[in-house]
Amino acid sequence: MSDTIEGLKGYRPQENRAADSEHQIEGEATLNSGSNSEIDPITLREFQTYLKQCKKIVALVGAGLSVSSGLPTFRGTQGLWKNYNIIDLATPDAFYIDPGLVWQFYSWRRSHALEAEPNDGHRTLAKLALNPNVEFTTITQNVDGLLIRAGHPKKKLYEIHGSLFDLKCTSFMCTYVDHDNFTDPLTKELADSRFEHVTVFAGAGGEGDRDRPPIESPQFAPIKQIPESELPLCPLCNLLLRPGVVWFGESLPLKLITGVDRFIEQGEKVDLILVIGTSGTVYPANSYVDRVRFKGGKVAIFNTDIELLIMAGEDRDTWGFQGDAAKLLPIALAPLL
Ligand code: BV8
């Protein structure tokens, strides 16, 4: 039987195993998109058979979607900046204790996001959002702005954790917010926070030993002590500005949460949720998958790391597409693009 676990890079729900041949696979040409992003043709056919009759689809996006654009995830070694755990820096406490440190971290992320280019995964979701025959919305946990730069219509996109390119005043009395501020660096003192590497010249000769290739020493560029007066300040009240992102321990913007709830709970039921490049560890973002399941919707996971149980077909209403989301999404969603 060919489709044992190792043969299957994609999974297919039990009930319609008897794949019927007339359902052509669209996007066949690039079925095996090289590297380790292969899709099992039977899986793809059944997924696309279901996809074509979907009226309402939602996508839940995480850091994995922007990996092939060169941006790090929050897990493992990538989740470190100057030996700080990114999750520890994304908190109100960290900003309160050392705003200079946190601003150097966000200035670095702003620079990298500005240097990055949207990939085929971002563009695929943007195209799907423009398909008039499907009710579609993207819920992104990413703050890098790459979906918008890929042409994703803003009114079908919920940036539930905010954006690196929004700034807001830290004062409770001041309502100043600056949207889509792409200035980089934001202040002179933040200029070199974009460089995470220091070039050192190995070997005894040190500085002069230029013909030996310099070794890049990541993360050791010293953290600068930056006085608050040299950090981004509010033009209205001259108090500190902060990145317009949602930090751990902070509630998500009500307007956004209500918009997402309305899409999932009202009108047609959501037929399918695309779970793309997310570890599903952060609440409430990780709750949307179960809410769609609970209402009878099916799940398609696009991730380099998918549970064997799902790949083995144990989970009836879930497809697993293992590999780089930027490569898999254009193939899997081809019928609706
Ligand atoms: C809130 C913005 C009310 C900032 C972010 C205890 C138990 C449960 C929950 C909690 C708890 N204690 C506190 C909480 C609540 C907390 C939470 O969930 N904590 C977690 C860590 C346990 N949530 C909150 O605080 C939220 N607010 O709940 O308010 C409240 C308040 C207090 C207490 C109770 C309730 C606010 C959460 C938002 C925080 N801000 N970002 C910034 O970015 O700087 S979260 C941030 O981290 C991201 O936005 C994202 O959400 C998350 C990272 O997750 P992923 O995006 O999934 O990335 P990750 O690296 O984890 O995984 C990458 C995946 O990609 C992997 O699966 C990998 O295999 C895959 N991949 C890699 N390469 C590829 C790929 N896939 C495809 N292709 C590839 N090429």
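Every number for a ligand or one of its atoms is a count from 1 in the order of the listing.
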Heavy-atom pair of closest approach, residues Thr281 and Ser279: OG1-OG, 3.0 Å
Shortest non-hydrogen contact from Leu241 toward Thr170: C-CG2, 4.1 Å
From CG (Leu125) to OG1 (Thr137), nearest 0.5 Å: 11.5 Å
Approximate separation, where rounding is to 0.5 Å, of Asp144 CG and Leu114 CG: 10.5 Å
Closest protein heavy atom (residue, atom, distance) for atom 70 (C) of ligand 1: Asn303 OD1, 3.3 Å
Atom 56 (O) of ligand 1 - nearest protein heavy atom and its distance: Ala63 N, 2.8 Å
Would you say [atom] has a protein heavy atom nearer than 4.0 Å?
atom: atom 52 (C) of ligand 1; value: yes
atom: atom 13 (C) of ligand 1; value: no
atom: atom 10 (C) of ligand 1; value: no
atom: atom 33 (C) of ligand 1; value: no
atom: atom 6 (C) of ligand 1; value: no

State whether [Y] and [X] meet the cation-pi test: NZ (Lys) or CZ (Arg) under 6.0 Å from the six-membered ring centroid, and within 45° of the perpendicular axis.
X: Lys298; Y: Tyr50; result: yes
X: Lys56; Y: Phe263; result: yes
X: Arg242; Y: Trp103; result: no

Numbered atoms of ligand 1 (with element) below 4.0 Å of [X], judged on heavy atoms:
X: Glu250; answer: 1 (C), 26 (C), 27 (N), 29 (O), 36 (C)
X: Tyr106; answer: 4 (C), 42 (C), 44 (O)
X: Gly323; answer: 77 (C), 78 (N)
X: Gly62; answer: 56 (O)
X: Tyr283; answer: 9 (C), 17 (C), 18 (O), 23 (N), 24 (C), 26 (C), 28 (O), 37 (C)

With a heavy-atom distance limit of 4.0 Å, tell me whether [X] approaches ligand 1 through its side chain, its backbone, both, or neither.
X: Asp324; value: both
X: Arg109; value: side chain
X: Leu252; value: side chain

When only distance counts, is [X] in polar contact with ligand 1, meaning an N/O pair under 3.5 Å?
X: Gln141; value: yes
X: Ala325; value: yes
X: Gly249; value: yes
X: Ile87; value: no

Any Ser251 heavy atom less than 4.0 Å to ligand 1: yes
contact_flag Pro243 ligand 1 heavy-atom lt 4.0 Å: no
Exercise: do Thr138 and Thr140 side chains pair donor with acceptor under 3.5 Å: no
Check: Thr278/Gln141 side-chain N/O donor and acceptor closer than 3.5 Å: yes
Nearest candidate to [atom], where distance is taken over non-hydrogen atoms, out of [options]:
atom: atom 37 (C) of ligand 1; options: Val61, Asn142, Ile276, Val282; value: Val282
atom: atom 57 (O) of ligand 1; options: Asp305, Val246, Val143, Thr278; value: Thr278
atom: atom 64 (C) of ligand 1; options: Ala90, Gly277, Ser68; value: Gly277
atom: atom 22 (C) of ligand 1; options: Ile306, Thr281, Thr304; value: Thr281

Sidechain N-carboxylate O distance under 4.0 Å for Arg291, Asp261: yes
Full working for salt bridge (Lys or Arg N to Asp or Glu O under 4.0 Å) between Glu159 and Lys154: CA-CA 9 Å; Glu159 295 181 297; Lys154 278 194 172 181; over 6 Å; no
Plane angle bin for Trp247 and Phe95 - parallel if under 30°, tilted between 30 and 60°, otherwise perpendicular: tilted
Phe165 and Phe182 aromatic ring geometry - parallel, tilted or perpendicular at 30°/60° bounds: tilted
Qualifying residue, where the test is side-chain contact (heavy atoms from CB on, under 4.5 Å) with Val275 and the options are Ile301, Val292, Val61: Ile301
